Amino acid sequence: MSDETIDDIRGNSAQPVEVSSLWRDAWLRMGKNKAAMASLVLFILMFILCFVTAWFCKDPNAVSLTNKFATPSVGHWMGTDALGRDLFARILYGGQISILVGLIATTVSVCIGVTYGAVSGFAGGRVDATMMRVVDVLLSIPFLVVVIVLQAVFSEWSSDTSAWIVKNWKWDKTFTDRFTNIVPLFFALGLFGWLTLARIVRAQVMSLKVREFVEAATALGYNKFRVLFRHIIPNTLGPIVVYATLTVPSFIMYEATLSYLGLGVEAPNSSWGILIKEGANFMETHPELLILPGLFFSLTLFSLNFLGDGLRDALDPKASKD
Amino acid sequence: MAKFILGRILQAIPTLLVIATLTFFMTRMAPGGPFDGEKPIPEEIKERIEAHYGLNEPLHEQFLLYLSNLLQGDLGPSFKYIGWEVSELIAQAFPVSAQLGLCSLAIALTLGLPAGIVAALRKNSPWDYVPMSIAMIGICLPTFVLGPALILLFSSKLGWFSPMGWYSISDIVLPSLTLGLFYAAYIARLTRAGMLETLNQDYIRTARAKGAPPSQVVTKHALRGGLLPVVTFLGPAFAGLISGSFIIESIFFIPGLGRFFVTAAFNRDYTMVLGTVLFYATLIILLNLLVDVIQAALDPKARTQ
Amino acid sequence: MSLINIQNLKTYFHTRAGTTRAVDDISFSLEKGEIVGVVGESGSGKSVTCHSILGLLPQPPAKIEGGSVTFNGSELIGLDPPLLRAIRGKQISMIFQDPMSCLNPYLRILDQVAEPILVHEDVTQEDAERRAIKMLEKVGIRDAASRANSYPHEFSGGMRQRAMIAMALVTNPDVLFADEPTTALDVTVQARILKILRDMRGELDVSVLFITHDLGVVAEVADRVVVMYQGKIVEQGNLVEIFKNPSHPYVKGLLACRPTFETKYRILPTVEDFLESETTPDGVVTIRERPDSAERLASLEKVTAASPPPTNVEDLAILLKTDNLQVHFHSGGGFFGKPREVVKAVDGVSLRIQRGQTLGLVGESGCGKTTIGRAILRLVHPTGGRVMYDDTELTSLGGKDLLSYRKRMQIIFQDPYASLNPRMTIEQALIEPMTVHGLGANRSERRDRVVALLEEVGLSPTHLLRYPHEFSGGQRQRLCVARALAVEPEFIVCDECVSAMDVSVQAQVLNLLRDLQDRRGLTYLFISHDLSVVKFMSDEVSVMKEGRIVEHDRAEALYHNPQEAYTQELLEAVPQGDLEALQKRFRDNA
């Protein structure tokens with residue numbers, strides 16, 4: 001039982017508490033959740049490490065066949081891999097790709113999922129039934145086949161784009177390739193990752209639509225657009241934020257899986273999935289090549305998942321632990 | 001009930017047709033074809049092969065032909081495994097994946113359910129924190145890290161199992177453990193959440209007010225409601241499990257459906273891809289139906305709707 | 001020796017936010033064969049008392065800090081859980097407020113009613129089931145043998161509460177704790193349930209601790225009464241004595257602020273007219289009687305005299321009328337669903353509401369009264385008939401035309417918690433309607449209007465930047481009123497707008513509505529299931545049943561001389577709690 005239940009017991013006689021918006025309220029609750037705060041710090045550190053520190057590292061693709069499987073040293077903090085490339089740099093550059101894929105694919109799927117789910121739930125009736133039917137159909141197609149096909153379709157397009165950018169904007173080729181390379185992945189993940197979110201948002205909208213404040217808004221003469229975007233969608237943000245936080249790690253996991261299958265990032269670029277795959281080849285002789293990228297990968301997922309759990313508890317105190 | 005099931009099966013037919021259409025055109029959108037191997041074959045021979053399989057016809061005619069064959073229950077020949085029908089390949093690979101999937105599911109349920117229930121009952125105690133932390137690690141550890149790690153420990157170091165292959169009974173242990181542990185973690189978290197929600201319901205207080213002992217309150221009153229979300233999750237999860245996990249099957253070199261499927265997708269083995277997709281979709285639809293039937297059995301309110 | 005004797009019981013809730021003294025040093029007893037009513041508003045600690053005795057509180061955060069509770073002379077507080085379980089459900093049973101959520105939705109009624117026997121006695125399943133069916137028959141479930149196989153959702157609210165009572169009494173307990181057992185029920189059903197409880201007391205020789213917020217209900221069933229306020233007992237004793245001569249200011253206020261059929265005040269007294277309370281920082285509350293309460297009451301009576309009934313014929317022009325209004329809903333349907341069924345929620349209703357007056361609409365749950373209010377405002381689409389507002393037909397209006405009428409008609413809902421958008425500050429919520437309808441020239445002018453509105457509904461302008469969850473239920477309902485007033489309407493539908501409130505808060509909100517009506521000349525459609533409140537508020541009253549109006553008259557005439565049998569039944573079922581009825585009941589018993 002939590003403070004809220006006490007308020008229920010006190011009922012109408014409850015004294016107003018000195019806090020402001022629900023968001024700040026949630027933030028305060030979250031601040032008390034040590035695991036979630038530690039996860040937040042961990043993720044921010046990981047982000048800084050991958051996106052800031054990485055620029056000061058060695059070239060992750062510089063091969064040195066004379067220096068294979070080097071042990072950690074001042075020059076190579078985590079040693080080198082089978083081609084003598086600096087493992088620490090490869091892990092950080094790989095992290096850039098993995099985290100970017102997770103964040104951008106989540107953004108794409110949240111945009112599609114929220115709009116689709118909100119429209120479906122708000123419209124109701126035949127429109128809703130048809131829209132949800134489409135989701136059902138898409139959900140019964142194996143995710144992998146879609147990704148493989150989209151990946152194949154978009155990969156030509158992405159190398160064309162890369163060439164165009166290098167030609168017209170005079171960007172560095174390796175730098176451009178590293179990012180255009182993963183664009184197909186964004187599309188593949190984003191285009192199919194919104195299905196569950198659409199269902200969640202739809203359910204939320206359906207239950208909010210019959211709430212009295214929405215009826216009051218209609219009675220006050222607000223048009224449908226205002227009702228949906230000013231009154232309904234802001235109230236679904238809690239579950240959306242929670243879901244999005246938990247989607248980032250699952251997309252990172254997908255990216256790793258696809259890269260593991262050879263479908264994601266292309267050599268010589270790295271991502272955590274690729275590093276783990278390469279590491280697994282030498283796990284009996286050099287287990288650190290598997291363990292170190294695996295550790296970075298798992299820590300990131302760990303922090304994001306804990307963060308998501310913490311956010312859920314903070315935004316939905318009824319479902320919380322205490 | 002019979003009417004409901006029949007209705008759902010009838011509804012599945014248009015769904016499957018839509019899926020077949022989508023997949024057909026999607027696979028054809030991808031560049032390359034089944035006969036663009038690594039060794040280039042002479043153009044003339046390639047054209048003859050394509051003509052043999054009707055691949056030189058206009059796309060819509062190929063599609064109509066495929067549909068009419070499909071309606072007669074014919075999934076067509078595989079383009080890559082010459083001389084094999086797609087249905088024969090599925091019939092051969094599916095039992096392997098299904099065995100692996102069932103074993104993993106058994107592991108997932110035996111570990112996940114009790115862990116989740118105990119964690120919910122002993123909320124905010126070591127009985128909650130320890131299994132839930134392990135579960136958290138479980139969902140963060142990809143199978144392609146856990147699998148090699150298990151091989152490293154149990155076959156390279158301890159020598160208890162062979163590292164890969166599908167020859168003896170003991171070969172099923174490591175792969176199903178790898179897959180099962182991930183699902184166990186997920187089920188444990190789901191069970192805990194469901195049980196916590198149910199234990200907060202008013203009717204649990206009623207049961208306690210009757211003087212029923214705690215064990216009876218849990219088994220008779222809380223379990224049903226608490227496990228409903230797990231049942232909903234199990235439908236699609238089960239379909240995914242028994243139709244084969246490509247990752248697991250390729251780590252352990254198991255000739256399951258998942259490997260056939262991904263290989264087919266890489267090789268543009270159109271008929272094989274379509275066949276497996278339709279097989280998988282049918283499985284999902286049937287299992288979702290089964291979930292609904294089980295839910296109706298557990299929840300009288302769902303029965304009347 | 002008392003059957004149950006409570007001495008200095010203290011139950012506190014310890015949370016991060018601090019300690020709440022839910023039950024603070026209370027003592028009372030329950031004698032054999034007695035019905036004791038425990039009365040209090042939400043948060044007064046009455047339910048916590050019961051839960052403490054039976055060990056049903058979640059610990060932590062709850063903790064029993066001290067005191068003793070004896071049952072037949074043996075101590076219950078601190079008793080070993082297995083020993084307490086042996087008493088719970090066998091010698092002391094409990095029924096709860098909401099029978100829907102308190103019955104297990106996954107089990108048959110029969111299994112649930114038979115369960116206490118199987119838990120406590122060594123009998124066969126068949127014996128237990130036979131006794132369960134017998135008990136279900138006793139509490140008035142006809143055809144119990146077959147209906148016992150149903151699940152809770154297949155029962156109506158009244159039937160579910162009967163099943164709960166059967167479940168509590170099936171083991172022949174000595175004591176029954178009844179926690180608000182009739183609050184969620186319609187008046188006619190409530191009357192029947194109360195009768196069953198009284199009958200069972202005689203038949204099964206069970207003593208009852210009856211917890212309720214409703215003084216009227218207590219007057220119907222109890223022998224003695226205990227009044228709780230903020231965790232303390234403020235007064236206890238003989239029922240007639242307390243009704244006749246309350247000594248504590250809170251009890252005086254509570255008795256005065258509930259509208260009855262006989263209320264003569266035009267503005268109700270509130271609890272605040274009787275007492276002042278003061279909370280020290282460590283949570284100790286002191287309550288004092290207001291020295292000026294007598295003058296305050298006297299001034300209220302003057303309000304009655306000061307407001308003449310509107311007699312001018314022009315004022316009585318009809319503002320809104322409905323002709324043969326119909327709202328039919330379709331259930332089922334869909335692609336392959338069940339055949340469509342038509343539910344006639346509103347089935348040919350004609351109403352007339354005069355400008356500046358209040359039309360009360362009463363009826364039991366599911367009679368369609370709420371749908372009428374929503375159909376008038378076009379929140380649901382009428383399937384037939386006409387709604388005429390100020391001689392304009394509303395049913396066919398759309399777009400801009402409808403918008404201009406939306407401004408003139410507003411609605412206030414039952415649940416103030418659900419009626420305000422939790423993500424908007426009060427200022428945003430009140431300015432938005434003005435922006436949409438182009439009221440006020442600019443932002444600062446609108447802001448001034450918002451401040452004026454807040455003052456008009458009795459809230460401080462310092463609340464502007466707050467969010468709804470920082471307000472209590474009564475304050476939120478005031479905010480809803482302010483929001484409705486923001487577009488300067490002439491007509492307001494009040495849909496059960498005080499039904500979820502404690503009587504003291506209810507009185508404040510009713511007074512506010514009255515006050516606004518007098519000052520702004522508002523017209524109300526006042527929808528409620530509570531006949532006393534409708535009587536207090538309305539000039540004319542319509543009684544609804546199954547989608548139709550069964551009777552309509554001036555309020556006085558309808559309440560004193562009901563023509564239809566259904567109206568009579570409704571009126572008789574209302575627990576009055578007035579002194580005469582009480583004294584009559586006790587004479588009859590003697």
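What you are looking at is a predicted structure, and each value in this text was computed from that prediction instead of being measured. A note on names: the letters A, B, ... follow the listed sequences, proteins ahead of strands, and every chain is numbered from 1.
Between the side chain of B/His221 and the backbone N or O of C/Leu107, no donor-acceptor pair lies under 3.5 Å. One N or O on the side chain of C/Arg88 and one on the backbone of B/Arg208 form a donor-acceptor pair closer than 3.5 Å.
Other residues, nucleotides and ligands place more than 12 heavy atoms under 6.0 Å from the CD atom of B/Gln216. Summarising the local packing, CZ of B/Phe24 is surrounded by more than 12 heavy atoms from other residues, nucleotides or ligands at distances under 6.0 Å. The number of heavy-atom neighbours closer than 6.0 Å to CZ of C/Arg131, taken from other residues, nucleotides and ligands shown, is above 12. A 6.0 Å sphere centred on CG of C/Asp122 holds no more than 12 heavy atoms belonging to other residues, nucleotides or ligands.
The OH atom of C/Tyr106 sits 4.5 Å away from atom CG of B/Leu228, with the distance rounded to the nearest 0.5 Å. One distance of note links CG of C/Leu103 with CD of B/Gln201; it measures 12.5 Å at 0.5 Å rounding. Here the straight-line distance linking atom CG of C/Asp111 with atom NZ of B/Lys220 works out to 6.0 Å at 0.5 Å rounding.
For C/Ser101, the parts lying near chain B are the backbone and the side chain together; criterion is any non-hydrogen pair under 4.5 Å. Within the 4.5 angstrom heavy-atom criterion, no atom of B/Leu223 approaches chain C.
Counting heavy-atom pairs under 4.5 Å between each of C/Pro116, C/Ala168, C/Ala86 and chain B puts C/Pro116 at the top. Ranked by non-hydrogen atom pairs under 4.5 Å with chain B, the options C/Gln112, C/Met164, C/Lys90 are led by C/Gln112.
Minimum heavy-atom separation, B/Thr206 to C/Met167: CG2-CE, 3.4 Å. The shortest heavy-atom contact between C/Val119 and B/Pro213 is CG1-CD, 4.3 Å. Shown here for B/Gly211 and C/His120, the closest heavy-atom pair between the two residues is CA-NE2, 3.9 Å.
Looking only at side-chain heavy atoms (C-beta outward), C/Arg108 and B/Pro300 stay at 4.5 Å or farther from each other. A heavy-atom distance below 4.5 Å is not found between the side chains of B/Arg205 and C/Met94.
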